[in-house]
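Data block below; observations after.
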Amino acid sequence: YAWLRELGLEEENPGVYNGRWGGSGEVVTTYCPANNEPIARVRQASLEDYEETVKKAKEAWKVWADIPAPKRGEIVRQIGDALRQKIKVLGSLVSLEMGKIFVEGVGEVQEYVDVCDYAVGLSRMIGGPILPSERPGHALIEQWNPVGLVGIITAFNFPVAVYGIIAKVLEDNKVPGAICSLACGGAEIGTAMARDERMDLLSFTGSTKVGKQVALMVQERFGRSLLELGGNNAIIVFEDADLNLVIPSALFAAVGTAGQRCTTARRLFLHENIHDEVVAKLAKAYAQVRIGDPWDSDTLYGPLHTKEAVKMYLDAVEQAKQQGGSVVCGGKVINRPGNYVEPTIVTGLPHNAPIVHTETFAPILYVLKFKVEEEVFTWNNEVKQGLSSSIFTKDLGRIFRWLGPKGSDCGIVNVNIPTSGAEIGGAFGGEKHTGGGRESGSDSWKLYMRRSTCTINYSKDLPLAQGIKFQ
């Protein structure tokens with residue numbers, strides 16, 4: 001993969017950056033899931049590397065905090081522009097290393113660019129209100145400041161290339177590279193971060209199981225955490241739905257990224273009067289999905305990320321059969337190099353079957369019948385996760401009930417669109433076992449800030465709040 005040198009990557013790469021590149025830990029090999037051939041090696045961080053990196057990051061924060069927010073925003077703008085210039089080659093790397101199809105790989109980088117653009121705008125807009133005071137000659141001000149050192153444990157797999165781009169921008173602006181530090185590692189490094197009191201905020205993206213461990217370790221030190229965990233997302237289709245929207249939406253939500261998005265549709269509730277028709281049309285659409293190498297522009301469906309994921313897929317299909325499900329299509333490993341499995345539709349299971357309530361990170365869609373609105377809204381909410389959800393209907397009253405207090409309990413509540421494919425303008429995240437964190441747009445930025453309330457007395461008197469006299 002000689003083209004990777006365009007991103008500064010070699011056969012072996014340092015996995016630590018704190019103003020300089022290094023790493024003295026274990027060397028790991030990354031493999032292409034489309035053929036299980038090695039791509040490159042990365043030398044990970046040791047605990048000593050981690051300690052050095054945190055110290056440098058704390059010192060770098062002092063410099064960053066003194067830079068006015070709009071100027072910090074200008075540096076972020078340059079990072080976004082640098083990513084734009086490499087968007088296609090970075091998208092190719094996503095396809096090569098993760099198995100996402102090329103257009104989704106480019107979309108992954110585009111989302112990064114969009115977040116940079118959003119942050120640039122925020123850099124000139126973040127501010128707190130001046131609130132009226134009950135006391136004459138006084139003002140209440142709500143102030144927001146950066147929280148401090150943010151630790152990010154992320155599920156994404158192409159940090160070394162991205163950090164090379166970021167490091168160049170920081171260097172060009174003559175600010176410490178450790179402002180944006182990197183320490184590639186496994187559970188040992190993640191545990192150190194979660195327990196480290198120098199981390200003013202810890203953001204974790206990953207499974208609910210590991211997220212719970214992280215949350216407990218952070219809470220034990222009374223730290224702050226931001227969790228983006230699993231999802232067991234549902235699409236609900238009522239009998240008045242436009243099936244010309246339903247079929248491509250369910251296909252994209254269930255099959256896109258080979259079922260490996262946190263927002264992937266895993267449950268499809270169909271009104272009993274349209275169940276058979278929708279299943280037949282959806283099975284026909286599944287049969288037309290173009291499977292192939294993820295970097296081929298004609299491919300719509302690539303491999304699972306690891307061999308372990310293939311095993312989990314097969315185990316889930318077998319459990320679904322044992323619990324009374326019927327495989328309409330799929331259910332098998334595809335006979336070709338790499339971690340390819342057939343996109344799968346399962347019918348006939350009850351809404352509360354154990355496998356239906358289990359998030360399997362694979363392209364398995366459980367299709368379930370319902371009769372009335374009240375029961376299906378309850379079924380949507382009965383799983384432990386609460387990330388994304390969607391209904392398809394033309395009934396305006398039903399739409400607002402879906403959006404209301406007795407509707408979906410998820411963080412993403414869609415109407416007539418899939419569960420996946422969120423844009424960055426809105427807050428992204430979910431409730432319950434999804435973790436409660438929010439990223440991207442709206443006021444998600446507040447989670448990365450420290451809030452303080454300031455009362456200013458500009459009078460010559462000293463009145464107390466609530467009319468208290470202390471004389």
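Note that the structure is predicted; figures quoted are calculated from it, not measured. For reference, positions follow the sequence shown, starting with 1.
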Would you please say whether a donor-acceptor pair under 3.5 Å links the side chains of [X] and [Y]?
{"X": "Thr263", "Y": "Ser388", "value": "no"}
{"X": "Glu97", "Y": "Thr30", "value": "yes"}
{"X": "Arg398", "Y": "Thr393", "value": "yes"}
{"X": "Tyr313", "Y": "Glu308", "value": "no"}

For [X] and [Y], work out which heavy atoms get closest and say how close.
{"X": "Arg266", "Y": "Glu359", "answer": "NE-CG, 3.6 Å"}
{"X": "Gly99", "Y": "Pro294", "answer": "O-CB, 3.4 Å"}
{"X": "Ser123", "Y": "Ala69", "answer": "CB-O, 3.3 Å"}
{"X": "Pro146", "Y": "Trp61", "answer": "O-CZ2, 4.3 Å"}
{"X": "Ile247", "Y": "Lys281", "answer": "CD1-CB, 3.8 Å"}
{"X": "Arg198", "Y": "Lys55", "answer": "NH1-CG, 4.0 Å"}

For [X], all residues meeting salt bridge (Lys or Arg N to Asp or Glu O under 4.0 Å), sequence neighbours excluded:
{"X": "Asp114", "value": "none"}
{"X": "Asp117", "value": "Arg84"}
{"X": "Asp66", "value": "none"}
{"X": "Lys58", "value": "Asp200"}

Listed partners of Trp402 passing ring pair (Phe, Tyr, Trp, His ring centres under 6.0 Å), at least two apart | Phe377
Sorted by chain and residue number, the ring pair (Phe, Tyr, Trp, His ring centres under 6.0 Å) partners of His351 (sequence neighbours excluded) come out as Trp379
Any donor and acceptor pair, going by atom type alone, linking the side chain of Gln260 with main-chain N or O of His305 inside 3.5 Å?
-> yes
Please table the atom pairs, donor to acceptor, closer than 3.5 Å between any side-chain atom in residues 127-135 and protein atoms at least two apart or in another chain.
unit_1	atom_1	unit_2	atom_2	d
Ser133	OG	Arg135	N	3.1
Glu134	OE2	Gln466	N	2.7

Of Ile166, Asn173, Asp172, the residue whose pairing with Val169 passes side-chain contact (heavy atoms from CB on, under 4.5 Å) | Asn173
Test side-chain contact (heavy atoms from CB on, under 4.5 Å), reference Val42, set Leu9, Val16, Val28, output is Val28
Ring pair (Phe, Tyr, Trp, His ring centres under 6.0 Å) partners of residues 219-245, not counting sequence neighbours, each pair once = Phe238-Phe370
Who pairs with [X] by side chain to side chain donor-acceptor pair (under 3.5 Å), at least two apart in sequence or on another chain?
{"X": "Glu111", "result": "none"}
{"X": "Lys62", "result": "Glu59"}
{"X": "Asn457", "result": "Ser459"}
{"X": "Ser181", "result": "none"}

Test applied, side chain to side chain donor-acceptor pair (under 3.5 Å); reference residue, Thr257; option that passes from Lys100, Glu108, Glu104 = Glu104
Lys384/Glu431 ion pair, N-O < 4.0 Å | no
